[in-house]
Number of protein chains: 2
Amino acid sequence: MAAKGSTKASKAELFMRSNLAQELEFLVARMRAAGSARANKALEPLGLKVRSYSVLSLACDDVSPTQRDLADFLSLDPSQIVPLVDDLEKRGLVTRIPDPADRRSKVVIATDAGQRLYTEARKATARSEAEALTMLSEAERAQLRDLLSRVALATP
Amino acid sequence: MAAKGSTKASKAELFMRSNLAQELEFLVARMRAAGSARANKALEPLGLKVRSYSVLSLACDDVSPTQRDLADFLSLDPSQIVPLVDDLEKRGLVTRIPDPADRRSKVVIATDAGQRLYTEARKATARSEAEALTMLSEAERAQLRDLLSRVALATP
DNA sequence: TTTAATTCTTGAAAAAGTCAATGGTTTATT
DNA sequence: AATAAACCATTGACTTTTTCAAGAATTAAA
């Protein structure tokens, strides 16, 4: 093959040096696109997506999340939580428990079946995350996790 | 006010310690949600969104992106690029130039007006990014940028 | 030359996001 | 205590985004 102006490899490098590629917002969006595609694939055999997995995870945790809590923490509209919990509840993975302290709220708690499925799902997302981070050392992964959590969990 | 079991502050801390909050995928999704909301607001006065800004940025750069390049680099379907470029082109900010080397492709290049708007828009996104990173030192921001770019720009 | 791939584009369908309104409940104000 | 204001889950309408498949034009491979 003769020189054709630009090979595929050098073009990729060109894009990596673009101004946009230096912007954090772009890098985060790109990482999220690749990451959620990969995670969705890993979760598919379990009948979960990133969204429903996130709800299930919090329902398994000891945080006793109300649906409002879920909406806030997952950056979703409260109306989006409804069908997510509906689906998990229909499948017997979580239950809505009216909060005794505030009967407006419903706390979403995992059933035993939900806990078991979560254990499997967590393995899948861990593998998926490891795949995404092969180019980083263990120390670098810890560093990235620390920096990201400080930014992502900052109280607005 | 009497102790009510859990204050709002301690509940937030509880969520921050949840298993989900340790997952990179989740942190990235959350950071992206907050970041793109903020950036969209910052770009609104200029008639841009994160998407159209990204296209404009690459059209201003010296990478001569085809629409396919834009789709790949921005993690979008090629059919999503069409209306984005349509809009920018209607506003006289970019032009579609048929690639002489491959007449199937169209290279998207910014006009002078596009370059000028981009200069303003870049200031807005820079401010937006700075707002999001107030809790990090300059060294930590550089570190985060480095780690993120190594992950987000890795050749799949 | 024929076949296969690729690029842009269109259009349809599914999924996700936004927003206002409602019934039931709690908090704040008077 | 009574009234008003605020809040939660849910519904429904609406817009935007995403995903796919197909087609015309062009290039690459056989």
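Chain identifiers are assigned alphabetically (A, B, ...) following the order of the sequence lines, protein sequences preceding nucleic acid strands; residue numbering begins at 1 within each chain.
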Checklist entry - Would you say A:Asp99's side chain and A:Ala101's backbone share a donor-acceptor pair under 3.5 angstrom? => result yes
Checklist entry - Looking at residues at least two apart in the chain, or sitting in another chain, which of them share a salt bridge (charged side-chain N to carboxylate O under 4.0 Å, His left out) with A:Arg68? => result A:Asp72
Item to check | Within residues 42-66 of chain B, residues whose heavy atoms come under 4.0 Å of DNA chain C | outcome: B:Thr66
Item to check | Side-chain donor or acceptor of B:Asn40 paired with backbone N/O of B:Val50 under 3.5 Å | outcome: yes
Checklist entry - What integer distance in Å separates B:Lys41:NZ from C:dT18:P? => result 11 Å
Checklist entry - Do any N or O atoms from the side chain of B:Ser57 and from the backbone of B:Ser54 form a donor-acceptor pair under 3.5 angstrom? => result no
Next on the checklist: Any side-chain to backbone donor/acceptor pair from A:Thr66 onto A:Lys106? Under 3.5 Å, distance only.
Outcome noted: no
Item to check | For atom CD of B:Gln67 and atom P of C:dC8, their distance in whole Å | outcome: 5 Å
Between the protein and nucleotides 20-26 of chain D, which nitrogen or oxygen pairs come in under 3.5 angstrom?
{"residue": "D:dC20", "atom": "N4", "partner": "B:Ser79", "partner atom": "OG", "Å": "3.0"}

Checklist outcome for this item: When rounded to whole Å, the CD1 to P distance for the pair A:Ile81 and D:dT10 reads 10 Å
Next on the checklist: Between P on D:dT18 and CG on B:Leu76, what's the gap in Å once rounded to a whole number?
Outcome noted: 6 Å
Checklist entry - What's the CG-C1' distance between B:Leu70 and C:dT6, to the nearest Å? => result 16 Å
Next on the checklist: To the nearest 10°, give me the bend of the helix from C:dT1-D:dA30 to C:dT30-D:dA1, comparing the axes of its five terminal pairs at either end.
Outcome noted: 40°
Side-chain polar contacts of residues 139-146 of chain A - donor-acceptor pairs under 3.5 angstrom, sequence neighbours left out - could you list them?
{"residue": "A:Glu140", "atom": "OE1", "partner": "A:Ser137", "partner atom": "N", "Å": "2.8"}
{"residue": "A:Glu140", "atom": "OE1", "partner": "A:Ser137", "partner atom": "OG", "Å": "3.3"}
{"residue": "A:Glu140", "atom": "OE1", "partner": "B:Arg150", "partner atom": "NH2", "Å": "3.1"}
{"residue": "A:Glu140", "atom": "OE2", "partner": "B:Arg150", "partner atom": "NH1", "Å": "3.0"}
{"residue": "A:Glu140", "atom": "OE2", "partner": "B:Arg150", "partner atom": "NH2", "Å": "3.4"}
{"residue": "A:Arg141", "atom": "NE", "partner": "A:Leu133", "partner atom": "O", "Å": "3.3"}
{"residue": "A:Arg141", "atom": "NE", "partner": "A:Leu136", "partner atom": "O", "Å": "3.1"}
{"residue": "A:Arg141", "atom": "NH2", "partner": "A:Leu133", "partner atom": "O", "Å": "2.9"}
{"residue": "A:Arg141", "atom": "NH2", "partner": "A:Leu136", "partner atom": "O", "Å": "3.3"}
{"residue": "A:Arg145", "atom": "NH1", "partner": "A:Glu129", "partner atom": "OE2", "Å": "2.5"}

Checklist outcome for this item: Here the distance between atom P of D:dT17 and atom CG of B:Asp87, to the nearest Å, is 11 Å
Item to check | For B:Glu131, all residues meeting salt bridge (charged side-chain N to carboxylate O under 4.0 Å, His left out), sequence neighbours excluded | outcome: none
Item to check | Proximity to the side chain of A:Lys106 - top-ranked nucleotide from C:dC8, D:dT10, D:dC8 | outcome: D:dT10
Checklist entry - D:dT17 phosphate, OP1 or OP2: any side-chain N/O from B:Gln80 under 4.0 angstrom? => result no
Next on the checklist: Under a 3.5 Å cutoff, is there a donor and acceptor pairing between the side chains of A:Gln22 and A:Arg17?
Outcome noted: no
Next on the checklist: Check the phosphate of C:dA5 against B:Arg68, side-chain N and O only, distance under 4.0 Å to OP1 or OP2. Yes or no?
Outcome noted: no
Checklist entry - Can the ring centres of A:Phe73 and B:Phe26 be said to be less than 6.0 Å apart? => result yes
Item to check | B:Ser79 backbone acceptor or donor facing B:Asp77 side chain under 3.5 Å | outcome: yes
Next on the checklist: By nearest heavy atom, map A:Ser75 and B:Asp86 onto DNA chain C; which one lands nearer the 5' end?
Outcome noted: B:Asp86
Next on the checklist: Is the shortest side-chain heavy-atom distance between B:Glu44 and B:Lys49 below 4.5 Å?
Outcome noted: no
